Novice: 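Following this message is one structure expressed as structure tokens.
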Amino acid sequence: MARLIRPKILGRQLGGAKISWLRTLGGSTRPAFTKAIEGTRVGRVWRRAKWIVVDLERDREPAGHLLIHLRMTGRLVVSKEAVPFERVSLQLDGGAERFVFSDVRKFGRFQYVRDSQSVLDGLGPEPLSKEFTSDWLRAALRHRKRQLKPLLLDQTFLAGLGNIYVDEALHLARLHPLRSAEKVNAASADRLHEAIQTVLARAIELEGSSFDTFYRTPEGQPGAYQHQFQVYGRDGLPCHACGSKIAKMVVGQRGTHLCRRCQPKPRAARST
DNA sequence: CTATGGCCCTGGTTGC
DNA sequence: TGCAACCAGGGCCATA
């Protein structure tokens, strides 16, 4: 999303803001937000974990950042037309185009911060960075007692994985979501490391997963990773690897999909 | 440190 | 057919 929206806003000047859902701003008031944004120019557009970061400049000097989190149904669009479920929109270059944050469920954030550290500090490593090595993962798992699925969803442990990609990565690594992290042996940790990178790289390449009317690129196009799903949303269907039925369970209030044959349950967690 | 559950929201799907 | 219950790419917070 950061990469796709970048060419549409880079270097452009931001004008008036229209805020139709206050909580989207994440705590600031309409006047404070508007004053901070108006007249700034878009510098770098980058990403950290699930945050899209838009660096702002005023007279070539740093002037804070927009921190954008799409949560479930957030979407970024540059458009002259009205966009359904607009929550925040910013004039671009005083012209007809607007930079719009649309969000059906209103969970997303489009907030201004002077300093991005407070929000971005404390996040785990990027799964596609050099920092995230199989050695790092092996060591990190060794001293954690949590179940793999909630641990991998924890952004302070590893940043950027969501429900779909955790299920897909665990299946590819042949690991049960309830397995305790400390009981993952070195070979399994290495498989998990590789699976996480494989799944994420491929999903980014295919521009994400679109299985209903939400979840679109800024062009309104669907992604294509949903065609690669091995387990997510495939409960009751045969596993592509072994043919047995994909199961669905609830782990940490999240729907969790797995193949019980490819991802056998560890003895200690055998009761659930 | 870990686990659990409520809450924030709306819309599409499921099931009676 | 109609309507209520349930579920959804996420994350915060309080409590135990």
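Keep in mind it's a predicted model, so treat the numbers as computed, not measured.
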Novice: Which pairs with one or both residues in residues 53-86 of chain A pass ring-ring contact (aromatic ring centres under 6.0 Å, His included), sequence neighbours excluded?
Specialist: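 Sorted pair list: A:Trp51-A:His69.
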
Novice: Once ring pair (Phe, Tyr, Trp, His ring centres under 6.0 Å) is applied, do any residues pair with A:Trp21, and if so which ones, sequence neighbours excluded?
Specialist: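 A:Trp21: no ring pair (Phe, Tyr, Trp, His ring centres under 6.0 Å) contacts found.
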
Novice: In residues 201-208 of chain A, what donor-acceptor pairs under 3.5 Å come from side-chain atoms, sequence neighbours left out?
Specialist:
from     : atom 1 : to       : atom 2 : distance (Å)
A:Arg202 : NH1    : A:Glu205 : OE2    : 3.1

Novice: Who pairs with A:His171 by ring pair (Phe, Tyr, Trp, His ring centres under 6.0 Å), at least two apart in sequence or on another chain?
Specialist: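 Testing A:His171 for ring pair (Phe, Tyr, Trp, His ring centres under 6.0 Å), a comparison that skips the adjacent residues, returns none.
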
Novice: If pairs are Watson-Crick or G-U with both distances under 3.5 Å, what is the dot-bracket string of DNA chain C, marking crossing pairs with [ ] and pairs to another strand with |?
Specialist: .|||||||.|||||||

Novice: Under 3.5 Å, side-chain donor or acceptor atoms of residues 27-41 of chain A against the rest of the protein: list the pairs with distances, not counting sequence neighbours.
Specialist:
from    : atom 1 : to      : atom 2 : distance (Å)
A:Thr29 : OG1    : A:Ala32 : N      : 3.2
A:Arg30 : NE     : A:Ile19 : O      : 3.2
A:Arg30 : NH2    : A:Ile19 : O      : 3.1
A:Thr34 : OG1    : A:Arg30 : O      : 2.7
A:Thr40 : OG1    : A:Ile37 : O      : 2.7
A:Arg41 : NH1    : A:Gly11 : O      : 2.9

Novice: Could you work out, with side-chain hydrogen bond (donor to acceptor under 3.5 Å, both in side chains) as the rule, every residue matching A:Gln253, not counting sequence neighbours?
Specialist: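 Partners of A:Gln253 under the side-chain hydrogen bond (donor to acceptor under 3.5 Å, both in side chains) test: none.
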
Novice: Enumerate the residue pairs fulfilling ring-ring contact (aromatic ring centres under 6.0 Å, His included) with a member in residues 102-140 of chain A, sequence neighbours excluded, ordered by first and then second residue.
Specialist: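 Found A:Phe99-A:Phe110, A:Phe101-A:Phe110, A:Phe132-A:Trp136, A:Phe132-A:His193, A:Trp136-A:Phe157.
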
Novice: Using a heavy-atom distance cut-off of less than 4.0 Å, which residues of residues 106-116 of chain A contact DNA chain B?
Specialist: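 When residues 106-116 of chain A is checked for heavy atoms under 4.0 Å from DNA chain B, the hits, listed by number, are A:Lys106, A:Phe107.
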
Novice: In residues 161-172 of chain A, what residues come within less than 4.0 Å of DNA chain C, judged by heavy atoms?
Specialist: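 Under 4.0 Å from DNA chain C: A:Gly162, A:Asn163, A:Ile164, A:Tyr165.
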
Novice: With sequence neighbours excluded, tell me which residues meet salt bridge (charged side-chain N to carboxylate O under 4.0 Å, His left out) with A:Lys50.
Specialist: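 Once residues adjacent in sequence are excluded, A:Lys50 has no partner under the salt bridge (charged side-chain N to carboxylate O under 4.0 Å, His left out) criterion.
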
Novice: With A:Tyr165, which residues qualify under ring pair (Phe, Tyr, Trp, His ring centres under 6.0 Å), at least two apart?
Specialist: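 A:Tyr165: ring pair (Phe, Tyr, Trp, His ring centres under 6.0 Å) contacts with A:Tyr225.
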
